[in-house]
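In what follows, residues are counted from 1 in the order of the sequence shown.
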Amino acid sequence: MKEYSLSGVNRAESGKKAAKNLRAEGMIPCNLLTKEGAKSFAVKASDVRNLLYTSQVYMVNLDIEGQTCKAIVKETQFGPINEELYHIDFLQINEAEPIVVKIPVKLEGFAEGVKAGGKLVKQVRDLTVKGLWTNVPERLVVDVTSIELGKSLSVKALSFENLEILNAKSVIVAGVKQTRASRNAK
């Protein structure tokens, strides 16, 4: 998993008015969720742009006025009209406890069905997995070479070392659809 460094400042005030004032100053209100409770802080909006607007999943090295910890982005909230970033929740990572995170899926290989004239179709962008943060990869690589024409690959056929896939077993990850050319070739 890639790492991202982010520094923030403690928030003295909370509530809608304080959050609105922070956003006017170019800051984003945040919470760090820990076992002890939530800690409020703020980060510069420009500092989180590369963290949020990407398909990558990052382990964040948070530095809040000298206190450091490892965390992942748990949830983001955007404005309903202008889609302005309103709030970020971070979840503190414990070395010994598993985390639940969505990881992007990458299809790899040349499917048998594509060789027969079909079209490979990716059905999901990411899968939800559970595991220790040290075992969580940047992306889940799925081999599609065995998918035949008109067939698909579901979650129940996948397994990754030291990770548990939390999506329903019936969710289709990828499939090979028949094309007009493959129907006419028969």
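Side-chain N or O atoms of K44 include none that pairs as donor or acceptor with a backbone N or O of G8 at under 3.5 Å. For T179 (side chain) and G117 (main-chain N/O), a donor-acceptor pair under 3.5 Å exists by modelled atom type. Using a distance-only test at 3.5 Å, with no hydrogens or angles considered, a donor-acceptor pair links the side chain of H87 to the main chain of P29.
In this structure, I93 and I72 have side chains that are in contact, with non-hydrogen atoms separated by less than 4.5 Å. Between L132 and I99 there is no side-chain heavy-atom pair separated by less than 4.5 Å. Between V48 and L85, the closest side-chain pair of non-hydrogen atoms falls below 4.5 Å. Residues K115 and F110 form a side-chain contact, since some pair of their non-hydrogen atoms from C-beta on lies under 4.5 Å apart. A heavy-atom distance below 4.5 Å is not found between the side chains of I88 and Q77. Contact annotation: the side chain of F160 approaches that of I165 to within less than 4.5 Å [non-hydrogen atoms, C-beta and beyond]. Looking only at side-chain heavy atoms (C-beta outward), K70 and L62 stay at 4.5 Å or farther from each other.
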For the pair K39 and Q67, evaluate side-chain hydrogen bond (donor to acceptor under 3.5 Å, both in side chains) and give the outcome as yes or no after the intermediate values.
-> CA-CA 12 Å; K39 179 178 184 174; Q67 294 180 338; 2.2 Å; yes
Stepwise, does the side chain to side chain contact (heavy atoms under 4.5 Å, CB included) test hold for K130 with V101?
-> CA-CA 7 Å; K130 180 179 181 179; V101 64; over 6 Å; no
Report the C-alpha distance between W133 and E95 in whole Å, list the side-chain angles of each, state the deciding distance to 0.1 Å, and finish with yes or no for side chain to side chain contact (heavy atoms under 4.5 Å, CB included).
-> CA-CA 7 Å; W133 78 270; E95 301 280 334; 3.7 Å; yes
Step by step, work out the side chain to side chain contact (heavy atoms under 4.5 Å, CB included) result for K156 and V171.
-> CA-CA 8 Å; K156 69 180 174 186; V171 171; over 6 Å; no
Please walk me through it: do L140 and V129 pass side chain to side chain contact (heavy atoms under 4.5 Å, CB included)?
-> CA-CA 10 Å; L140 298 172; V129 297; 3.9 Å; yes
Steps toward salt bridge (charged side-chain N to carboxylate O under 4.0 Å, His left out) verdict (R23, E25) = CA-CA 5 Å; R23 285 191 287 273; E25 296 172 6; over 6 Å; no
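Here CE of M59 is found 10.5 Å from OG1 of T134. Values are rounded to the nearest 0.5 Å. The CD atom of E75 sits 12.0 Å away from the CZ atom of F90 when rounded to the nearest 0.5 Å. A distance of 5.0 Å separates CD of E138 from NZ of K2, quoted to the nearest 0.5 Å. For the atom pair CG (N167) and CG (L158), the distance works out to 9.5 Å, reported to the nearest 0.5 Å. Separating the CG atom in D47 from the OG atom in S5 is a distance of 10.5 Å, to the nearest 0.5 Å. Between K74 atom NZ and L91 atom CG the span is 6.0 Å, to the nearest 0.5 Å.
Using a 4.0 Å cut-off between charged nitrogen and carboxylate oxygen, E13 and R11 do not count as a salt-bridge pair.
Legend: residues meeting side chain to side chain contact (heavy atoms under 4.5 Å, CB included) with T34, ordered by chain and number and at least two apart, are L32, E36, Q92. Qualifying salt bridge (charged side-chain N to carboxylate O under 4.0 Å, His left out) partners for E97, counting only residues two or more places apart in sequence or in other chains: K35. The salt bridge (charged side-chain N to carboxylate O under 4.0 Å, His left out) check on E3 picks up nothing, with sequence neighbours excluded.
For Q123, the CD atom sits in a packed shell: over 12 heavy atoms of surrounding residues, nucleotides or ligands are nearer than 6.0 Å. No more than 12 heavy atoms of other residues, nucleotides or ligands shown are found within 6.0 angstrom of CD on E83. The number of heavy-atom neighbours closer than 6.0 Å to NZ of K122, taken from other residues, nucleotides and ligands shown, is above 12.
Closest non-hydrogen pair, A38 versus L33, comes out as CB-CD2, 4.0 Å. The heavy-atom pair separating T54 from N50 by the smallest distance is CG2-O, 3.5 Å. Nearest heavy-atom pair across K177 and L149 is O-CD1, 4.0 Å. Heavy-atom minimum distance, A174 versus V144: CB-CG1, 4.4 Å. Heavy-atom minimum distance, V57 versus P104: CG2-CD, 3.9 Å. Contact detail for L6 and L51: the closest heavy-atom pair is CD2-CD2, 4.4 Å.
Side chains of N31 and S40: a donor-acceptor N/O pair is present below 3.5 angstrom, by distance only.
Tracing side-chain contacts under 4.5 Å through hydrophobic residues (I, L, V, M, F, W, Y), one reaches V173 starting from V136; they form part of the same cluster. Hydrophobic clustering (ILVMFWY, side-chain heavy atoms < 4.5 Å, transitive): I28 and Y58 are in one cluster. Note: the hydrophobic cluster containing I103 does not contain V100 (ILVMFWY, side chain heavy atoms under 4.5 Å, direct or indirect links). Residues V142 and I172 do not share a hydrophobic cluster, defined by chaining ILVMFWY side chains whose heavy atoms lie under 4.5 Å apart. Using a 4.5 Å cut-off between side-chain heavy atoms of Ile, Leu, Val, Met, Phe, Trp and Tyr, with links allowed through other members, L153 and L120 fall into the same hydrophobic cluster.
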